[in-house]
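Some notes on the structure that comes next.
When a residue number appears, it is its place in the shown sequence, counting from 1.
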Amino acid sequence: MKIYSFTGGRPSPEDFPIQGLIDATARMLTRKGKDLIAYPDMNNQHDELAEIAAIRFKNREGISLPKNNIIITAGSIMAIEELARFLTQPGDTIITEELSYMGSLGCFRSIGLDIKGIPVHPTDGMDMIALEDTLRSLATQNINPKFIYTIPTYQNPTGSILTLERRKRMLELASEYGITIIEDDCYGDIHFEPPPPPSTLYKLAQSQPVAYVGSFSKIIGPGLRLGYVCLPPELEKITQRRIGIKVSGLASLIVAEYLRENLQSHIKKHNDVIREKRDVLIEALEVELGDYVSWNKPRGGLFVWLKLPDLIDMAKLEKLAEQKRSHIHIGQRIPL
């Protein structure tokens, strides 16, 4: 009997590439070990991982990210925080999906930003009519949101996929109102079955500034603390903040060495494991709770969105789950 861990939005221990990383470490230290005595941003220790990020994007999107515009960060949340601090001042207004990643919401709140949430459809993503109405309403108050933060592909926590039509409309609205988009694409490679998700906002963008954020945590492990951001020309000044000095050169070089030969095969193995876990969970929900709750069957990502009947007391349910040494992740809804 297999035992699965369903705690948190992270990969499975079953496919963590221990031996592959051991071998990559040995090769990397033999080849570049002496470079590690310097600060990471002083001898280009992150260049190799930036190249992997560019290749990863090309494999899925058909075009390469410009390597010189990629900054390696300590996890994707560091990229998101650096962008938010660069683009805003405390009290500024930003826009996100009404339900979104708790880490990003916590970051924005710690900066002192006013977050406007837009309803998100459980399968089709952010509501563009509501987004347009919100932008128009804010404009009448002389409020210009500093950015739109969105997870368009396999959204956290709903698992929704922003449709191509809605992606294009978001870009149109961002252009009309002069707003930067932060595209969080942490889950884009965790794909189970056809059809593939639409092209990223970054690829679709014409004149609109889109900062593209990715992560290696979701295909290997969060403990690595490795993410990246690809900046549009309008945001290139952020490189002056010396972000790379805060990121482990050792971890960056090891992961680059491993993924150079194993990127596609690792993603396939990883997705096979996650797909199996999804199917086990869906089957268990059908057997145990099929008469009481509803859920989506995501085509990718790390989340199943479960909807309970309105009569359920969520506070009591959380307490009961704690007594059973379990955990319930309740999506945070931002007031409209």
Side-chain angles (χ1 to χ4, degrees), residues 9-11 52-65 76 79-80 96-101 104 118-128 131 148-174 181-206 208 210-220 227-230 232 263-279 281-282 295-305 331:
R10 59 181 175 81
I52 296 297
I55 293 170
R56 178 184 181 185
F57 191 83
K58 184 174 183 179
N59 288 345
R60 184 155 48 87
E61 298 290 325
I63 62 171
S64 180
L65 293 173
S76 61
I80 292 164
T96 76
E97 285 103 351
E98 184 184 26
L99 296 158
S100 191
Y101 170 46
S104 295
I118 307 299
V120 53
H121 188 276
T123 58
D124 295 341
M126 188 187 290
D127 185 331
M128 290 300 109
L131 174 60
I148 299 171
Y149 168 76
T150 180
I151 310 173
T153 303
Y154 310 132
Q155 201 256 356
N156 178 356
T158 65
S160 65
I161 304 171
L162 192 67
T163 65
L164 180 59
E165 180 182 5
R166 294 189 183 200
R167 291 176 193 234
K168 291 179 178 179
R169 184 57 181 152
M170 180 183 288
L171 289 167
E172 289 173 355
L173 290 169
I181 296 174
I182 299 177
E183 179 179 18
D184 187 346
D185 195 36
C186 283
Y187 312 100
D189 278 324
I190 309 176
H191 181 68
F192 305 144
E193 53 201 32
S199 297
T200 60
L201 294 165
Y202 181 91
K203 179 181 177 180
L204 293 171
Q206 301 295 322
Q208 310 90 335
V210 176
Y212 177 85
V213 176
S215 173
F216 294 103
S217 299
K218 303 304 184 292
I219 61 170
I220 300 181
Y228 53 97
V229 57
C230 185
L263 179 61
Q264 291 300 91
S265 61
H266 176 82
I267 289 175
K268 181 183 183 306
K269 178 183 177 183
H270 171 267
N271 288 352
D272 288 344
V273 173
I274 300 296
R275 181 192 299 110
E276 184 176 298
K277 290 179 67 174
R278 177 204 63 176
D279 293 344
L281 177 58
I282 296 296
W295 58 86
N296 65 334
K297 184 178 180 181
R299 300 203 326 254
L302 295 173
F303 303 98
V304 172
W305 183 244

### side chain to side chain contact (heavy atoms under 4.5 Å, CB included) assessment of Ile63 paired with Phe57
CA-CA 7 Å; Ile63 62 171; Phe57 191 83; 3.8 Å; yes

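- Salt bridge annotation for Glu193-Arg278: present, with a cationic side-chain nitrogen under 4.0 angstrom from a carboxylate oxygen.
- For the 3.5 Å distance criterion, the side chains of Glu183 and Thr150 fail to qualify, holding no donor opposite an acceptor.
- Rounding to the nearest 0.5 Å places CD1 of Ile55 at 10.0 Å from CD of Gln264.
- A side-chain donor-acceptor contact under 3.5 Å links Thr153 and Arg167.
- Atom-to-atom distance recorded for Ile80:CD1 and Asp184:CG is 4.0 Å, nearest 0.5 angstrom.
- A distance-only check finds no donor-acceptor pair linking the side chain of Glu97 to the backbone of Ser100 [under 3.5 Å].
- Two residues are said to be in side-chain contact when any heavy atoms from C-beta on lie closer than 4.5 Å; Met170 and Leu173 fail this criterion.
- For the pair Ile219 and Asp189, the tightest heavy-atom approach, listed with the atom from each and the gap, is CG2-CB, 4.3 Å.
- No donor-acceptor pair closer than 3.5 Å links the side chain of Lys218 to the backbone N or O of Ile190.
- Donor-acceptor pairing under 3.5 Å is recorded for the side chains of Ser104 and Tyr149.
- Within the model, atoms CD1 of Ile267 and NE2 of His191 stand 12.0 Å from one another, a figure rounded to the nearest 0.5 Å.
- The two atoms that bring Thr200 and Tyr212 nearest to each other are CG2-CE1, 3.9 Å, heavy atoms only.
- For Leu65 against Ala53, the heavy-atom pair with the smallest separation is CD1-O, 4.0 Å.
- Proximity of a side-chain donor or acceptor of Asp127 to a complementary backbone N or O of Pro119 within less than 3.5 Å is not detected.
- The side-chain heavy atoms of Pro298 and Val304, taken from C-beta on, include a pair separated by under 4.5 Å.
- Within the model, atoms CD1 of Ile151 and CE of Met126 stand 9.5 Å from one another, a figure rounded to the nearest 0.5 Å.
- Across every non-hydrogen atom of Ile282 and Asn296, the tightest pair is CD1-O, 3.7 Å.
- Not a single donor-acceptor pair under 3.5 Å links the side chain of Glu61 to the backbone N or O of Lys203.
- Note that the OH atom of Tyr228 and the OG atom of Ser215 stand 8.0 Å from one another [nearest 0.5 Å].
- Looking at residues two or more places apart in sequence or on another chain, you find a salt bridge (charged side-chain N to carboxylate O under 4.0 Å, His left out) between Asp185 and Arg60.
- Counting all heavy atoms, side chain and backbone alike, Asp124 lies closest to Ser160 at N-CB, 4.3 Å.
- Between Leu204 and Ser199 the shortest heavy-atom distance is CD1-O, 3.7 Å.
- Taking the side chain as every heavy atom from C-beta outward, Trp295 and Leu281 never approach each other to under 4.5 Å.
- Ring pair Tyr187/Phe303 is perpendicular by interplanar angle, where above 60° counts as perpendicular and below 30° as parallel.
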### Task
Starting from the C-alpha separation in whole Å, work towards a yes-or-no answer on side chain to side chain contact (heavy atoms under 4.5 Å, CB included) for Tyr154 and Leu302.
CA-CA 8 Å; Tyr154 310 132; Leu302 295 173; over 6 Å; no

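- Put simply, the side chain of Arg56 never gets that close to the backbone of Leu263: no donor and acceptor are under 3.5 Å apart.
- For the atom pair CZ (Arg299) and CD1 (Ile161), the distance works out to 3.5 Å, reported to the nearest 0.5 Å.
- Around CD of Glu172, the count of heavy atoms belonging to other residues, nucleotides or ligands within 6.0 Å exceeds 12.
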### Message
Let's go through Asp279 and Lys297 carefully: what are the C-alpha distance in whole Å and the side-chain angles of both, what is the deciding distance for side chain to side chain contact (heavy atoms under 4.5 Å, CB included) to 0.1 Å, and is it a yes or a no?
### Response
CA-CA 9 Å; Asp279 293 344; Lys297 184 178 180 181; 4.1 Å; yes

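- Between Asp272 and the choices Lys269, His270, Arg275, the side-chain hydrogen bond (donor to acceptor under 3.5 Å, both in side chains) rule is met once, by Arg275.
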